[in-house]
**Student:** 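Sharing a structure with you now.
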Amino acid sequence: MKTFFKISLLFNFLLLIAHHASATHLMGGWAGYQYLGLNTVTGNYQYQVTVKVYRYCDDIVGPCGTNGCGTADLDGSIQLGAYTQDVLNPTNPNKVLTASFTIPLSLPTTWVPLPGASNCATAPIVCVEEGIYTMLIELPPSNGGYHLFFERCCRNGQPPTPILNLATPGAAGMTFYAFVPPTFINNSSPTFALPPVPYICVNDTASILNTAFDPDGDVVIYSSVQPFNGYASNINPAPTPPNPYTFPIPLVTYAAGYSATQPFGAGGYASVNAFTGISQYLSPATGNYVVAVELQEYRNNQLIGITRLDIQIIVVACPPNNAPALSSSTSQISYVVNQGNSLCFPITFTDANGDSIFLNAIGTIFSNPPTNPTATITPNPNAGLGTVTSQF
C-alpha cells in the first residue's frame, strides 16, 4: 500500500505563542513585535505586538469527545507587561513596570494542522487551536529598552496527553518573553513559519525547521534552552503583571531523569544549529515533551533583541518507512543573497520505497514577502511517484 507524504519547504516564519484557559493544555508558542517608530504627537514609540497562542482542544474533537478533557476556551484577552531595563543598574533583578496592556483575541481561532518532522505518515489527529492576540502599544523613550512578558498556566497535565518530561505539567506555566532594544534602535523581532507542536517518530532522529525570518536582516543566533515557567500557577493561572517583576524568570522543573540537555531522557538527543535554527531531536519513548529555542539578534556585533519559542514535541510510533530524501544536487539548505540579486535553484526529492510524494512550499516569502517580486516555486504544489522535482 502506498504511503503519502507532504514535504514542506520553509522559507520564513510566523510569530508564535501558546496560551490556554483555566485548566491545562498549553502547547507552546511565541510573542514578538514590529517597530513602527515615533508618535510625534505623544512622544512615545509605537510597536505592533503579536502573540500567537496554541492549545490542545480535544474538548472539541478527539479522544475526549464532546465531554472534553478539562480544557477551557482561549481567553478573550491577555495581560502583557512592559518593564524598563535600568541602564544604570542592568543586573538589578527587580524590573519596574512601565505599562500593562490588555490585548484582545483579535482573530477567530482556528484548528491548525500540525507539521510532521520525520518519516511518520500515520500520525494521529490532534486538535490544536490557534489564537492570535495583537495590538498597537506605545512605550516612552528608553535608553535601556523594555522586557515584554505574558504569563499563563497551565501545560498539558491530564490524560491522554500529559507532558512526560516535567515534574507537574498540570501546574506548570509558560512565560512568553521578548526584549525590545532602546527605542532609538529601529528593530522588529523575528517571526516563525509553523506551529510549535510538531510530530516526530520514536527512535528516529528528526529535523525540525525552527528557522525564523528577521525583517531587519540582523544576525540571529539560536540556542536550545530550558523553557520558562514564570510565576503563573494552577492557583493563579493568569496573574496580572506584577510591579516589580523579579528576575530571572523562573524555569520549568523537570521530572526525574530529564534535563535541559536531555529533554527526552536517557538515550534521547536534542540540538539546534546556532546559525540556521534547524533542530534535531530523538526520543526513545512515545509521549509529549517540551523544549525551547532562544533567538538572539545581533547588529554590528551587538546584542539588540531576544525572543523565545516554546515547543511541545509529540512523539508517536511510526510504521517502518524511509522518508523522502533531498537529492545531493539540492542538499544546500541555507542561501545568502545580496540585495538586488536573484536566486534560483532546483529542488528534488526521491523516495526509496517509490511512494507518492507531494511537495508544497510555504512561507511569507511567497505570499507577504520582504522581497519584490515575490518568490515562486514551479509548480506549486507538485507531486510525483518516487521522485518529485521543482524549481525555486
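If you're wondering where the values come from, they're calculated on a predicted model, not measured in any experiment.
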**Student:** Please report the interatomic distance CD1(Ile278) to CG(Leu209), rounded to the nearest 0.5 Å.
**Tutor:** 5.0 Å

**Student:** I need the single residue from Tyr254, Tyr281, Phe264 that forms a ring-ring contact (aromatic ring centres under 6.0 Å, His included) with Tyr289. Which is it?
**Tutor:** Phe264

**Student:** Do Gln296 and Ser223 have side-chain N/O donor and acceptor atoms under 3.5 Å apart?
**Tutor:** no

**Student:** Closest approach of Val293 and Leu295, non-hydrogen atoms and distance?
**Tutor:** O-CD1, 3.9 Å

**Student:** Could you check whether Tyr231 and Ser233, counting side-chain N and O atoms only, form a donor-acceptor pair closer than 3.5 Å?
**Tutor:** no

**Student:** Please find the pair of heavy atoms, one from Ser189 and one from Thr307, that lie closest to each other, and give the distance.
**Tutor:** CB-CG2, 3.9 Å

**Student:** Would you say Thr350 and Thr387 are linked by a side-chain donor-acceptor pair, where the criterion is simply a distance under 3.5 Å?
**Tutor:** no

**Student:** Would you give the length of the straight line joining atom CG of Asn203 to atom OG of Ser283, rounded to the nearest 0.5 angstrom?
**Tutor:** 7.5 Å

**Student:** Can you tell me if Glu151 and Thr175 form a side-chain donor-acceptor pair at under 3.5 Å?
**Tutor:** yes

**Student:** Looking only at non-hydrogen atoms, find the nearest pair between Ile311 and Pro198 and report the distance.
**Tutor:** CG2-CD, 3.7 Å

**Student:** Would you name the heavy atoms of Gly144 and Gln85 that are closest together and state the gap between them?
**Tutor:** O-CB, 3.3 Å

**Student:** Minimum heavy-atom separation for Leu74 and Val53, please, with both atom names.
**Tutor:** CD2-CG1, 3.5 Å

**Student:** Rounded to the nearest 0.5 Å, how far apart are CD1 of Ile185 and CD1 of Ile304?
**Tutor:** 6.0 Å

**Student:** For Ser207 and Gln280, work out which heavy atoms get closest and say how close.
**Tutor:** OG-NE2, 3.4 Å

**Student:** Nearest 0.5 Å please: distance from the CG atom of Asn273 over to the OG atom of Ser279.
**Tutor:** 8.5 Å

**Student:** Roughly how far apart are Asn165 CG and Ser259 OG, rounded to 0.5 Å?
**Tutor:** 9.5 Å

**Student:** Kindly indicate, with the supporting measurements, whether the criterion ring-ring contact (aromatic ring centres under 6.0 Å, His included) is fulfilled by Tyr335 and Phe345.
**Tutor:** CA-CA 10 Å; Tyr335 292 87; Phe345 58 88; 4.4 Å; yes

**Student:** Just jot down the side-chain contact (heavy atoms from CB on, under 4.5 Å) partners of Pro162, sequence neighbours excluded, or say none.
**Tutor:** none

**Student:** List in chain and number order the residues that pass salt bridge (Lys or Arg N to Asp or Glu O under 4.0 Å) with Asp86, two or more places apart in sequence or in another chain; answer none if no residue qualifies.
**Tutor:** none

**Student:** Could you verify whether a donor N or O on one side chain and an acceptor N or O on the other, from His147 and Tyr177, lie under 3.5 Å apart?
**Tutor:** yes

**Student:** Between Asn39 (side chain) and Val41 (backbone), is there a donor-acceptor pair under 3.5 Å?
**Tutor:** yes

**Student:** First locate atom OG1 of Thr183, then atom CG of Asn44, and finally report the distance between them rounded to the nearest 0.5 Å.
**Tutor:** 9.0 Å

**Student:** Taking ring-ring contact (aromatic ring centres under 6.0 Å, His included) as the criterion, tell me which of Tyr83, Phe228, Phe179 meets it with Phe149.
**Tutor:** Tyr83

**Student:** Can you list the residues that meet the ring-ring contact (aromatic ring centres under 6.0 Å, His included) rule with Phe184, with sequence neighbours excluded?
**Tutor:** none

**Student:** Do Gln79 and Ser100 meet the criterion of a side-chain donor-acceptor pair at a distance under 3.5 Å?
**Tutor:** no

**Student:** Start with the C-alpha distance between Arg155 and Asp310, add both sets of side-chain angles, then the distance that settles salt bridge (Lys or Arg N to Asp or Glu O under 4.0 Å), and finish with yes or no.
**Tutor:** CA-CA 11 Å; Arg155 300 174 186 262; Asp310 199 300; 2.9 Å; yes

**Student:** Quick one: do the Thr98 and Thr84 side chains pair a donor with an acceptor below 3.5 Å?
**Tutor:** yes

**Student:** Given Tyr133 and Asp75, is the side-chain hydrogen bond (donor to acceptor under 3.5 Å, both in side chains) satisfied, shown in steps?
**Tutor:** CA-CA 10 Å; Tyr133 300 82; Asp75 291 332; 5.5 Å; no

